[in-house]
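These notes are about the structure you will find just below.
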Amino acid sequence: MTAQVWIDGVFAGAVYALVALGLAITFQPTRVMNFAQGEALILGAAIGYQMMSLGGLGWPVALTVTVVGAGLMGLLAERMIMLPVRMSGSRFAWIVATLAVALIFQSLFTLAYRDVDALRPEPLATGGFALGDGRVGWQELITVGIALAVMAAYDLFLRRGVYGRAIRAASHDPDTAVLMGIPVQRMVVLSFVIATVITALAGLLAAPVLYIGPATGLLFTIKGFTAAVIGGIGSPRGALAGGLIVGVLDSVVRTAISAAAGNLVVFSLLVLILMVFPAGLFGKPMEAH
């Protein structure tokens with residue numbers, strides 16, 4: 001097994017970890033697993049492709065537009081998902097709502113880029129360096145480094161920040177949080193915006209290297225969901241661990257056997273881990289429930 005397989009696995013795992021973190025962020029105050037999360041990754045890739053590859057603009061412009069566009073997408077997604085959930089009163093309404101939003105955004109991206117196979121913007125940094133018998137690109141290294149920094153920053157935000165503590169309170173008991181003066185609805189909106197921005201930035205960073213097509217949002221959602229559940233939903237450390245496990249295992253098995261076998265092994269591992277650790281590797285029983 002060459003070093004390149006492990007390098008590619010760590011890079012893909014960092015991207016899956018950021019998607020898993022986005023899923024965990026929205027899940028904490030809402031107990032809703034947003035199956036449209038992967039569409040934010042496509043948004044970041046699409047903006048990068050539109051701004052840089054087609055528009056000839058630089059990374060600062062693409063980064064700014066991505067943050068603003070992702071913030072607006074987060075606000076829109078919160079309305080499109082949470083409003084039907086509240087109005088229906090069904091405990092399963094979120095499944096239909098999030099899948100519907102995912103399909104709507106997927107259709108929009110597919111129509112906008114129907115002649116584009118992969119949304120591939122210009123990399124932030126070209127070149128790289130040798131590592132064993134493999135090669136690490138600067139773009140890959142930057143992506144992994146930013147993923148680690150985002151995980152650490154959000155973990156610190158949850159533990160030390162005022163809004164982070166408010167999100168944790170709303171996650172634990174929303175009714176009591178309201179009585180204590182915590183604006184739970186604002187926390188829900190904030191969680192959607194933060195999650196969408198993080199996932200869109202992951203798409204912007206990963207698109208120059210990783211294959212991201214206009215209709216691949218649900219695929220990234222599934223991989224991110226698998227990573228989140230393996231690591232423990234609601235835990236930034238679990239999202240990182242789960243993402244790396246999924247990315248490396250998928251890369252190794254795809255190289256050794258086939259792409260289909262990679263998915264089979266990853267999802268089989270998900271079942272085995274949940275049998276032994278129902279809350280995931282780093283999750284808490286309350287989060288699993």
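Only heavy atoms go into these numbers, but all of them, side chains included; no hydrogens, no water, no symmetry mates.
- Within the structure, every pair that satisfies the side chain to side chain donor-acceptor pair (under 3.5 Å) test and touches residues 54-83, not counting sequence neighbours, is listed here: E78-Q185.
- When the side chain to side chain contact (heavy atoms under 4.5 Å, CB included) test is applied to L156, the partners found at least two apart in sequence or on another chain are R160.
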When the side chains of residues 201-215 are checked against the rest of the protein, which donor-acceptor pairs come out under 3.5 Å, sequence neighbours left out?
{"unit_1": "Y211", "atom_1": "OH", "unit_2": "D117", "atom_2": "O", "d": "3.1"}
{"unit_1": "Y211", "atom_1": "OH", "unit_2": "D117", "atom_2": "OD1", "d": "3.3"}

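- F11 CZ to I142 CD1: the interatomic distance, rounded to the nearest 0.5 Å, is 10.5 Å.
- Remark: the backbone N or O of A3 is paired with a side-chain donor or acceptor of D133 at under 3.5 angstrom.
- Of all non-hydrogen atoms in G137 and E140, the two that sit nearest each other are N-OE1, 2.8 Å.
- Of all heavy-atom pairs between G224 and A20, the closest is O-CB, 3.3 Å.
- For T196, the side chain to side chain contact (heavy atoms under 4.5 Å, CB included) test picks out A40, A70, M73, with sequence neighbours left out.
- Here side chain to side chain donor-acceptor pair (under 3.5 Å) pairs that include residues 199-208, with residues two or more places apart or in two chains, are Q37-T199.
- Tested against F192 for a side chain to side chain contact (heavy atoms under 4.5 Å, CB included), the candidates L76, T30, I25 yield a single pass: T30.
- When the side chains of ILVMFWY residues are joined at heavy-atom separations under 4.5 Å, either directly or via intervening members, L240 and I7 end up in two distinct hydrophobic clusters.
- Nearest heavy-atom pair, G243 versus A227, reported as atom, atom and distance to 0.1 Å: N-CB, 3.4 Å.
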Can you give the donor-acceptor pairs under 3.5 Å from side chains of residues 94-105 to other protein atoms, not counting sequence neighbours?
{"unit_1": "W94", "atom_1": "NE1", "unit_2": "R91", "atom_2": "O", "d": "3.2"}
{"unit_1": "T98", "atom_1": "OG1", "unit_2": "W94", "atom_2": "O", "d": "2.8"}
{"unit_1": "T98", "atom_1": "OG1", "unit_2": "I95", "atom_2": "O", "d": "3.3"}

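- Taking every heavy atom of both residues into account, F220 and V19 meet most closely at O-CG1, 3.7 Å.
- Scored by the ring-ring contact (aromatic ring centres under 6.0 Å, His included) test, F225 finds F35 as partners (sequence neighbours excluded).
- By the 4.5 Å heavy-atom criterion applied to side chains, R159 and D155 are counted as neighbours.
- Hydrophobic cluster membership differs between L272 and V266, with clusters built from Ile, Leu, Val, Met, Phe, Trp and Tyr side chains linked at under 4.5 angstrom.
- Under a hydrophobic-cluster definition in which Ile, Leu, Val, Met, Phe, Trp and Tyr are linked whenever side-chain heavy atoms come within less than 4.5 Å, directly or via other members, I47 and L54 are assigned to the same cluster.
- Placement of L141 and L148 in two distinct hydrophobic clusters is found when ILVMFWY residues are connected by side-chain heavy-atom separations under 4.5 Å, directly or transitively.
- Taking V150 as the reference, L18, L21, I146, I198 meet the side chain to side chain contact (heavy atoms under 4.5 Å, CB included) condition, with sequence neighbours excluded.
- Residues satisfying the side-chain hydrogen bond (donor to acceptor under 3.5 Å, both in side chains) criterion with R135, sequence neighbours excluded, are absent altogether.
- Put simply, the side chain of S191 never gets that close to the backbone of T26: no donor and acceptor are under 3.5 Å apart.
- In this structure, CD on E39 lies 9.5 Å from CG on N34, to the nearest 0.5 angstrom.
- In terms of modelled atom types and a separation under 3.5 Å, the side chain of S251 and the main chain of V248 share no donor-acceptor contact.
- Inter-residue side-chain proximity for E122 and S53 is flagged as met; some heavy-atom pair is nearer than 4.5 Å.
- You'll find the side chain of T255 stays beyond 4.5 Å of the side chain of D8, heavy atoms only.
- Judged as a side chain to side chain donor-acceptor pair (under 3.5 Å), the pairs with a partner in residues 104-113 (not counting sequence neighbours) are, in order, Q50-Y113.
- Applying the ring-ring contact (aromatic ring centres under 6.0 Å, His included) rule to pairs touching residues 124-158 yields F129-W138, Y154-F157, sequence neighbours excluded.
- D250 meets the side-chain hydrogen bond (donor to acceptor under 3.5 Å, both in side chains) test with K223, R254; sequence neighbours excluded.
- With hydrophobic clusters built from ILVMFWY side chains whose heavy atoms lie under 4.5 angstrom apart, I273 does not share a cluster with L264.
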